2 protein chains.
Amino acid sequence: MAVTLQTGPVRKALPVKAAGRGVETTLRSHTQVALRSAILNGQFVAGQKLVERELCELTGASRSVLREALVNLEVNGLIERQSYCGYRVTELDARTVCEIFELRSSLETQAAVLFAERASEAELEALNRQLEKLEDCVENFDIEIMRPVKEGYYDILFTGCRNRELRRALENIIDRVCHLRSRLMRDPELRVTSLHEMQKLTAALLKRDPIATRAASLAHLDSAKEAVLASMADEVFKDDL
Amino acid sequence: MAVTLQTGPVRKALPVKAAGRGVETTLRSHTQVALRSAILNGQFVAGQKLVERELCELTGASRSVLREALVNLEVNGLIERQSYCGYRVTELDARTVCEIFELRSSLETQAAVLFAERASEAELEALNRQLEKLEDCVENFDIEIMRPVKEGYYDILFTGCRNRELRRALENIIDRVCHLRSRLMRDPELRVTSLHEMQKLTAALLKRDPIATRAASLAHLDSAKEAVLASMADEVFKDDL
DNA sequence: CAACATAAAATTGTATACAATATATAGTTC
DNA sequence: GAACTATATATTGTATACAATTTTATGTTG
C-alpha cells in the first residue's frame, strides 16, 4: 500500500510554528491579516474580483484556509460574495460612505465621551503624548508612520472608553473607509486640518468635558466625511477623462 | 441512532436548489442560519463545547461547509474559538451584558431618532400596525409569536432609519443578547412593562419628536438591561443551590 | 490508591479531490 | 461578417483525506 510518495502531502510542514507564540499561530489568522492588509493598503482595488487560486498562491495558503479567511472578511463587509461568481472587494458609493460616517460618528463620539468619563489619568497622559507624536509627524512630513501613530491614538481612546463591544464595532466600521482615509492624508492641507481637529478633541478629553468632547468629535468626523466624499467626486471626474 | 441515513459519498444531490431563489441557496448560508437559530433559541447553552462532527450530523453539512459557517458566527461574537480546542458558545458575564447594552442603546436610539426624521408616512403607519399586533400578543398571551412580531417591529424601524450600516451593527449586537431577552418575555409583568415602553416609543416616533424618541428609546433599553442583569443574578443564585 | 508516564482515541488544523456552475472559445448558420 | 449554439476551460461549491494536537484511557510505580 501506500507509501504514497506523490507530490502532495509533503507540504512545508510547520510554517506555523515558526510564527512564534504571542500572535495567533494558525494559518487562517495569518491569511486573514494578510488579505485584510492588502485590501486596506489598496493592493486590491475596489470592485476587483478576487480569484481564490490566485489568492492561494499569493498567501501560500490552501483553499480551505483561504476560504475561511474570506468568510471573515465578508462578514466584516470588506468583500462581497456572489454564488459561483466569487468575491469582489466591496465598492463604496457616496451613499454608503455617508451611512458609514453616520454610524461611525455615533460610535466614535460615544467612545470619546465615555473616555472623558472613565479613562485613568495615565490614559489621559498617554493620549496627550500620542498627540504630540502625531504633531511631530505632521510637522516633519513623516507620512509613512502617521497611520500607526493615529492607530495608537485611537487604541488608547478605545481602551479608555471601557467598552469592548463598542471597540469591536468601531474597529470594524473604521476598516471600511480606512484605505480612503490613508490616501487623503497625502494632502498637506488636510493633514493640518485633521491635526487641528484632533488637538481640539484631545483638549476636551483632557478636561473631561463631555460637551466639548462631543462637539469636537462630531466636527472632526464631519470634516473627514466631507473630505472623503470630495475625493470620491474627484475620482469620478478622473474616470471621465 | 442516526435517523439520517446520508452516511456515504452519496450526496443528497441538490437540496440547495429546492430551497428556492429568493433566499440564499448555498449550503453554507443554510447551515449558518440553522446554527444561529440553535444558539439563539438556547438549544446550545452558553459555554457549551461545539464539536464539529456532531454539528455536521445535526445539520447534514460537511465539515468544510460547517467550518465556514462557524467562522461567520465567530466573527459575530456568538461563539469563540481556541486553537485545537474547538468552539464554545460565548458566555456572557454581567460586565459584557452592560457593555452590549451600552452599545445597543447608542445604536438603537440613533436608529429611532433617524426613523423619526426620515421614515415615510407609510412606514409610520406600518410601525403603528405592528405595535397593535404586539398589543394583541401580550393581551392574548401569544408568547410564541411575540418574537417574530417584535422582530417585525424592529425591521420596520431599522429600514426606516435609512442606514444599512447602522442596521447591520444593530442586528449583530442584538443577536448577542437575543436568547436572554426571549426567556425574559415569559414573565407576564415584564411583557406588560416592555409593551408600555414600546407604546411610548411608538407615540414619539409617530409625532416625529426626536427628544421624546430619544428618551423613550433610552428608557426602554435601560429597563431591558436591568431585567437581563436581574435574571442573570437569579441564574447565579440557582447555581448555588 | 495516588501520581506519573505512555499509548490510544478523539478532535481540530490543513490540504486535496470531485461536482456544479459560470465564462470563454470555437464552430455553424444565415 | 454577425448572431447564435455547442464545446472547452476556468472558477467556485462541496466533500473527503491526511496531519497535528489535545484529551482520554491504560498501565506502571511508589
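Please read all numbers here as calculations on a predicted model, not as lab measurements. Note on naming: letters A, B, ... go to the chains in the order of the sequence lines (proteins, then strands), and numbering restarts at 1 for each one.
- Of all nucleotides listed (dA20(C), dT23(D), dT16(C)), dT16(C) comes nearest to the side chain of Ser62(A).
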(Q) Between Lys150(A) and Met185(A), is the side chain to side chain contact (heavy atoms under 4.5 Å, CB included) condition met? List the steps. (A) CA-CA 11 Å; Lys150(A) 268 200 179 179; Met185(A) 284 303 117; 3.8 Å; yes
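- Taking atom CD on Glu57(A) and atom P on dA15(C), their separation rounds to 14 Å, with Å as the unit.
- Contact check, Arg81(A) against dG13(D): a side-chain N or O comes under 4.0 Å of OP1 or OP2.
- Salt-bridge formation is not detected for the pair Glu123(B)/Arg129(B): no Lys NZ or Arg NE/NH1/NH2 atom is positioned less than 4.0 Å from an Asp or Glu carboxylate oxygen.
- Considering only the side chain of Cys85(B), dT23(D) comes nearest among dG13(D), dT23(D), dT12(C).
- Ion pair Glu99(A)/Arg176(A) not flagged as a salt bridge, since none of the NZ, NE, NH1 or NH2 atoms sits closer than 4.0 Å to an Asp/Glu carboxylate oxygen.
- One can place CD of Gln32(A) at 15 Å from C1' of dT14(C), the figure rounded to the nearest angstrom.
- In this structure, the nucleotide among dT21(D), dT12(D), dA15(C) sitting nearest to the side chain of Leu27(A) is dA15(C).
- Using a 4.0 Å heavy-atom criterion, one finds that Leu70(A) contacts no nucleic acid atom at all.
- Counting only heavy atoms from C-beta on, Lys49(B) has its side chain closest to dT11(C) among dT11(C), dT16(D), dT11(D).
- When the C1' atom of dG13(D) is taken as reference, atom OH of Tyr87(A) falls 11 Å away, rounded to whole Å.
- Between the CD atom of Gln82(B) and the P atom of dT11(C) there is a distance of 17 Å, given to the nearest Å.
- Put simply, Arg67(B) has a side-chain N or O that comes within less than 4.0 Å of OP1 or OP2 on dG13(C).
- Rounding to whole angstrom units, CD of residue Glu52(B) and P of dT23(D) are separated by 15 Å.
- Going from atom CD of Glu68(A) over to atom C1' of dT16(C) covers 14 Å, rounded to whole Å.
- Distance from the side chain of Arg63(A) is smallest to dT14(D) among dT14(D), dT11(C), dA15(C).
- Note on Leu66(A): nothing from the nucleic acid sits closer than 4.0 angstrom, heavy atoms only.
- Nearest-nucleotide positions on DNA chain C place Leu50(B) closer to the 5' end than the other of Leu50(B) and Ser64(B).
- The CZ atom of Arg28(A) sits 13 Å away from the C1' atom of dT14(C) (whole-angstrom rounding).
- Closest approach of Ser62(B) to Cys56(B), counting heavy atoms only: C-SG, 3.8 Å.
- Side-chain contact annotation: Thr96(A) with Arg164(B), donor-acceptor N/O pair under 3.5 Å present.
- The interatomic distance linking Ile79(A) (CD1) with dT12(D) (C1') rounds to 13 Å, in whole Å.
- You'll find that the side chain of Tyr84(B) is closest to dT21(D), out of dT14(D), dT21(D), dT11(C).
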